[in-house]
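Written out below as structure tokens is the structure these notes cover.
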Amino acid sequence: MSFEENLKKYAKLLIRKGANVQEGEEVNLSIAVEHCEFAHLLVEECYAAGASRVVTNYYDDYSAHAFLEFGSADEHAKPGPTLAATDEWIGEKRPCRISITGGDPNAFADIDPSVFAVTSKAASPLVANARELTSTNKLSWLVASAADAGWAKAVFPDLTSEEGVAALWDLIFKITRVDLPDPIAAWDEHIATLKRRREYMNEQQFDRVHYWNEEGSDFVIGLPKNQSWASPGSITPGGRINLHNIPSEEIFCAPDRTRMDGVVVSTKPLVENGTVIENLRFTFADGVVTDVTADTGVEIVRELIATDEGSAHLGEFALVPHSTPISQSGVLFYMTLFDENASNHLALGSAYAHNVVGGTEMTPDERLAVGINTSAIHVDFMVGSATTNIDGIAADGSVTPLFRNGEWV
Ligand code: ZN
Ligand code: ZN
């Protein structure tokens with residue numbers, strides 16, 4: 001397969017299987033200027049699938065960085081001029097939202113974290129429709145990635161820019177199963193495996209799990225009553241299957257926001273606000289972060305936790321065996337979409353409403369009352385490893401081994 005052929009197969013997988021764009025639907029594509037050639041393939045595939053209108057929002061890390069660096073504090077505190085109109089359109093038309101990530105993971109490392117806090121606070125009310133409709137799956141959405149020189153330099157620091165980008169694309173094609181003769185059939189099989197695990201967890205309805213490993217994690221996390229585990233393809237906005245992430249290797253649930261106790265040690269660096277955060281370590285009591293340390297970037301995490309009431313609680317608990325294609329590659333991607341799918345992970349902040357039965361029909365306050373967290377942030381961090389053990393604990397105290405040495409029992 002030539003690079004061009006694989007890229008076309010990848011575009012087709014994202015639009016037809018991932019976002020599952022429908023006849024007559026509007027699409028909002030968010031993608032970096034570096035990826036404009038790939039954007040053109042995606043746009044073509046959207047129209048081929050019957051999209052009525054594709055609105056492409058090109059973003060540019062350089063311009064965004066310049067604003068944060070040179071813009072005044074007054075301007076940082078104002079939302080961007082097009083945000084309100086975009087959010088109104090999303091509220092009205094519920095377009096399929098496709099976001100392509102990439103770029104240098106350290107692009108914003110020199111920006112003071114408090115500046116991010118100010119700009120995201122300013123934007124928060126003007127992305128309310130997008131946030132609520134996405135978290136309750138009232139529209140179709142997809143996050144996937146494209147290779148570029150900035151990202152490749154972080155993953156393959158010893159290669160030239162050109163070699164690095166080529167190597168990163170090869171890995172993306174392999175991990176997303178695009179290098180197989182029929183990627184869509186391969187995804188159907190993969191989805192079926194994850195569905196079996198999801199159904200098992202939903203049948204068991206564990207009250208809590210005990211999680212421990214040699215890296216130093218040892219915690220007990222509560223699961224809500226009527227918990228509803230999700231896996232790729234289990235969410236069906238308007239009755240159609242939509243994968244939210246490509247790649248995706250996880251099944252996940254919302255924890256009970258009030259029941260998390262113990263120590264969590266991250267097993268991979270976290271990239272947040274363009275900064276690499278290494279060796280993150282949290283202590284939790286009664287569901288709340290009581291202490292956090294890290295070797296680098298701890299200030300970013302402290303700002304995040306202080307965003308709002310829900311940002312110091314957890315919103316996601318995801319199970320990923322250590323033997324996924326991403327783990328096997330042995331590559332650290334410095335990108336959550338890839339690194340989280342190589343590893344069990346937790347997320348600080350908002351939970352997905354569908355993780356409790358009937359949740360998408362509840363108000364945020366009703367969700368809080370049943371233990372489902374809400375926040376303006378959702379930040380995943382990786383906690384899985386080859387030494388991880390997990391036990392499911394039922395309400396009567398009986399214990400079922402779920403993971404041993406990083407794999408499903
Ligand atoms: Zn996840
Ligand atoms: Zn997440």
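Atoms within each ligand, like the ligands themselves, are counted from 1 in listed order.
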- Taking the six-membered ring for Trp, are the ring centroids of Trp151 and Phe338 within less than 6.0 Å of each other? yes
- Query: If you stand at the Zn ion (ligand 1) and look out to OE1 of Glu250 and OE2 of Glu316, what angle do those two lines make, to 10°?
  - Reply: 100°
- Which N, O or S atom of His345 lies nearest to the Zn ion (ligand 1), by name: NE2
- Do the two ring centres, one from Phe381 and one from His345, sit under 6.0 Å apart? no
- Message: So, of the N/O/S atoms that Asp380 has, which is the nearest one to the Zn ion (ligand 2)?
- Response: OD1
- Ring centroid separation Phe252 to Trp229 under 6.0 Å: no
- Item | Identified side-chain contact (heavy atoms from CB on, under 4.5 Å) counterpart of Val178 within the set Ile246, Leu13, Leu14, Ile172 | Leu13
